[in-house]
Protein chains: 2
Amino acid sequence: MIAKTKNGGVATLADVSRTAGVSIATASTVLNRPWSSKHITPATRERVRVAAAALRYRPNLAARALVSRRMQTVGVAAVVDGGELSHYFLEIFNGIVTAAAQRGQNTTAFTLRDWQQAAERIRDFCDGRIDGMILLAPTFTHAQVQLPAHIPFVSIHANSALPGVVNIESDEEAGAFALTQHLIARGHWRIMHLAGPAGLIGAERRISGYKRALAAARIPLDRELLVHAGYTAALGCEAMRAWLQKHAGEPLPHAVFCANDAVAIGCSEALAEVGLRVPADISVAGFDDSFAARAVVPQLTSVRQPLREMGARAVELLLARIGRASPASAAQPKAVVFPVELAPRASVGAAPRVEQAVPATAVAAARTP
Amino acid sequence: MIAKTKNGGVATLADVSRTAGVSIATASTVLNRPWSSKHITPATRERVRVAAAALRYRPNLAARALVSRRMQTVGVAAVVDGGELSHYFLEIFNGIVTAAAQRGQNTTAFTLRDWQQAAERIRDFCDGRIDGMILLAPTFTHAQVQLPAHIPFVSIHANSALPGVVNIESDEEAGAFALTQHLIARGHWRIMHLAGPAGLIGAERRISGYKRALAAARIPLDRELLVHAGYTAALGCEAMRAWLQKHAGEPLPHAVFCANDAVAIGCSEALAEVGLRVPADISVAGFDDSFAARAVVPQLTSVRQPLREMGARAVELLLARIGRASPASAAQPKAVVFPVELAPRASVGAAPRVEQAVPATAVAAARTP
DNA sequence: CTGAAAGCGCTTACAG
DNA sequence: CTGAAAGCGCTTACAG
């Protein structure tokens with residue numbers, strides 16, 4: 001029990017075994033497989049334990065990973081546009097980190113400038129430093145990016161089907177439907193939709209729910225009220241501002257259903273610029289029920305997606321697939337769909353008693369040559 | 001050039017060397033040390049490159065880490081209270097991930113329930129899976145938690161000096177001073193401070209700046225106006241609500257300087273409950289200049305700490321210390337202090353012309369038996 | 001200019 | 001009940 005570490009540094013299994021007076025194999029068994037160490041003398045087991053504790057032995061994960069081919073780490077790949085990590089990302093990431101930690105797994109974050117560069121970088125990420133990867137809202141297709149076959153992937157809100165990858169999504173169509181229906185129930189019928197980027201499946205599903213709710217209420221779709229903005233506050237503000245300028249003097253929409261909370265915040269800004277009050281003059285609703293939805297005044301009516309839970313589920317599914325044989329050979333897994341929930345708040349009021357017109361904008365018209 | 005991988009799986013260096021018809025050592029040199037491979041025939045180098053590309057060779061990081069003792073990964077430890085990752089964390093984390101990625105380093109997040117449990121868990125984290133660690137706003141002392149000596153640490157906003165650890169902080173005292181001075185310049189003099197948790201160095205520094213600004217303007221400190229709330233919106237709301245109830249009928253403060261933006265948002269909520277408008281009736285200011293400060297209406301006057309840059313600097317300093325001999329033997333490194341910046345916004349207005357009294361609260365008084 | 005060999009710290013059949 | 005040995009994939013002196 002006198003022997004210390006050979007090199008004055010971190011203790012290794014060899015140090016422990018030498019100190020305990022047993023072989024490396026025995027030390028390893030005692031420390032890592034308590035159940036199969038039943039066949040080892042209690043006295044021996046105790047000696048090993050004491051030695052490990054005395055030497056502050058910690059297994060070297062790199063060495064262990066080399067033989068077990070498991071790094072006990074899950075990777076998360078996400079696009080960080082313009083250096084901004086959004087709240088959407090934060091919520092999901094939180095769910096992932098927490099769930100992973102509960103299962104003794106680490107989480108390594110990989111941020112990408114855009115999904116186009118993902119092809120080569122994702123491959124780099126998979127060089128034995130992670131056991132599986134979660135893709136956050138990937139927009140690439142199977143044709144653009146071939147995912148490495150040797151580790152499993154799980155995606156959240158993928159924009160297209162990726163072979164062999166389970167996708168976790170939320171029922172955005174139902175959310176958009178419920179939200180639009182809610183607006184209609186409050187007496188609104190001239191309902192505008194500031195939609196997300198054209199072509200993105202999530203944006204399309206929200207549009208689809210919007211249309212279905214209008215149809216269900218027999219409200220004809222007004223093409224002028226369906227505008228593609230994007231997913232940021234700046235784009236929302238810009239889109240609403242442009243719309244107001246173009247439609248000055250025409251009937252004011254009763255409500256605006258925005259692609260997400262950020263867009264709703266930008267939209268409200270544009271409305272405030274021309275003196276319109278939310279919800280007295282016009283109601284506004286968002287989507288995602290992010291932190292921002294509750295931080296703004298008035299608080300935003302929104303649709304809650306259980307982002308935290310979705311992240312946690314991603315970890316579960318990923319872990320279940322790690323180490324399992326040939327996931328590729330399995331049939332394409334079905335998507336996991338989470339329900340969403342309407343979160344009614346102050347930004348949606350009753351329809352105004354009298355119809356209003358879009359105010360003439362004080363803002364200088366966009367300078368066109 | 002016919003040989004494929006031995007086991008149908010991922011190609012190893014051995015596969016590459018066999019395919020290229022060279023030794024493993026040569027393949028390794030060509031692939032990893034282009035400069036010292038100058039002494040290798042161009043033809044040989046080319047053969048190795050072609051073979052590596054053809055086999056889609058990717059070095060196994062676990063194996064490399066085992067010999068080089070570098071995982072190319074930095075760890076970030078932070079406390080996630082109540083499952084909430086705050087914006088404060090998000091901003092810094094963003095700076096860290098981005099800076100690390102630029103230097104080819106991965107970032108692994110470790111979340112803790114509290115810093116008390118940090119002792120054992122931090123030790124676990126350092127089992128060769130990271131090369132260094134960044135501590136986010138640690139509150140433990142050296143006596144409570146002994147950091148492992150074999151890897152370097154850098155802290156951000158540490159609450160007490162940790163031996164051998166560089167701390168990155170911002171000049172919170174100056175920020176609080178500038179903010180309070182700004183309020184005074186706008187004509188306010190009955191200025192309340194909803195402070196952070198007692199005992200935390202950051203909270204104390206903000207209090208100190210507040211006091212110094214009052215003293216500089218010869219405004220006597222009113223003990224009733226200095227209240228400890230905490231760092232969350234709920235605590236801010238609660239503290240303000242309690243204060244209003246207790247002080248009904250007394251002169252209303254002109255302005256409230258809150259420990260951070262979340263507290264300011266909670267505070268505004270409490271003010272709104274009794275019909276007080278910001279900034280017409282009372283001005284409110286926050287601290288941190290988080291996303292929330294700009295998301296609320298009216299936007300919050302705040303103090304900007306360059307969190308993103310602080311995270312990036314942490315990575316730089318950490319990388320500089322990784323692999324360098326005995327950081328422990330060096331003298332205690334000096335803290336790195338970042339300047340802060342006042343961000344004046346709409347939540348602070350001019351002092352009202354007439355003094356107001358704290359309105360009687362409509363809320364039922366706390367039921368005491 | 002290139003290769004054979006040792007070794008990083010661990011796990012796991014396989015012998016005794 | 002316990003130990004000797006091979007091997008995970010790589011890097012790096014050290015020989016030729």
If you only use heavy atoms from C-beta on, which nucleotide in dC1(D), dT11(C), dA13(D) is closest to the side chain of T41(A)?
dC1(D)

dA13(D): pairing nucleotide in any strand, Watson-Crick or G-U under 3.5 angstrom:
none

For atom CZ of R64(B) and atom C1' of dT12(D), their distance in whole Å:
13 Å

Side chain of S28(B), heavy atoms from C-beta onward: which of dT11(C), dG3(C), dT11(D) has the nearest atom to it?
dT11(D)

Taking 4.0 Å as the cut-off, does a side-chain nitrogen or oxygen of T26(B) come that near to OP1 or OP2 on dT2(C)?
no

Nearest to the side chain of P59(A), which nucleotide is it out of dG3(D), dT12(D), dC10(C)?
dC10(C)

pair S23(A)-S17(A): side-chain heavy atoms closer than 4.5 Å
no

Answer yes or no: is there a side-chain heavy-atom contact under 4.5 Å between T107(A) and F93(A)?
yes

The side chain of I40(B) lies closest to which of these nucleotides: dT12(D), dA13(C), dT2(C)?
dT2(C)

Looking at the side chain of V67(A), which of dC10(C), dT11(D), dT2(C) is the nearest nucleotide?
dC10(C)

V30(B) side chain near R49(B) side chain, heavy-atom distance below 4.5 Å
yes

Tell me the interatomic distance from L61(A), atom CG, to dG9(C), atom P, rounded to whole angstroms.
14 Å

Between atom CG in N60(A) and atom P in dT11(C), what is the gap in whole Å?
10 Å

Is T12(A) close enough to dG9(C) that one of its side-chain N or O atoms is under 4.0 Å from OP1 or OP2 there?
no

Tell me: CG of D15(B) to C1' of dC10(D), nearest whole Å?
13 Å

When the distance from CE of M71(A) to P of dG9(D) is rounded to whole Å, what number comes out?
14 Å

Y57(A) side-chain proximity, nearest of dT2(C), dC10(C), dA4(D)
dC10(C)

Between dT11(D), dT11(C), dT2(D), spot the one nearest the side chain of N32(B), thanks.
dT11(D)

Residue closer to the 5' end of DNA chain C, A14(A) versus V22(B) (nearest nucleotide)
V22(B)

Nearest-Å distance for atom pair CD1/C1', residues I24(B) and dG9(D):
8 Å

dT2(C) OP1/OP2 closer than 4.0 Å to side-chain N/O of T44(B):
yes

Which residue, A25(A) or L66(A), contacts DNA chain D at a nucleotide closer to its 5' end, judged by nearest heavy atom?
A25(A)

Mind checking the OG1-CD spacing from T139(B) to Q144(B)? Nearest 0.5 Å is all I need.
7.5 Å

From the set dG9(D), dT2(D), dG9(C), return the single nucleotide nearest to any side-chain atom of A63(B).
dG9(D)

Can you figure out which of dC10(D), dG3(D), dG9(C) approaches the side chain of R69(B) most closely?
dG9(C)

Partner nucleotide of dA4(C) by Watson-Crick or wobble geometry (both distances under 3.5 Å):
none

Should F153(A) and I122(A) count as side-chain neighbours, where that means a heavy-atom distance under 4.5 Å?
yes

Candidate nucleotides dT12(C), dG9(C), dT2(D), ranked by approach to the side chain of R33(A) - the nearest
dT12(C)

Whole-Å distance separating the CG atom of L13(B) from the P atom of dC8(D)
14 Å

Rounded to whole Å, the CZ-C1' distance (R18(A) to dT2(D)) equals 18 Å

Could you walk me through whether T26(A) and T29(A) satisfy the side-chain hydrogen bond (donor to acceptor under 3.5 Å, both in side chains) test, starting with their C-alpha distance in whole Å, then the side-chain angles of each, then the deciding distance to 0.1 Å, before giving a yes or no?
CA-CA 5 Å; T26(A) 303; T29(A) 305; over 6 Å; no

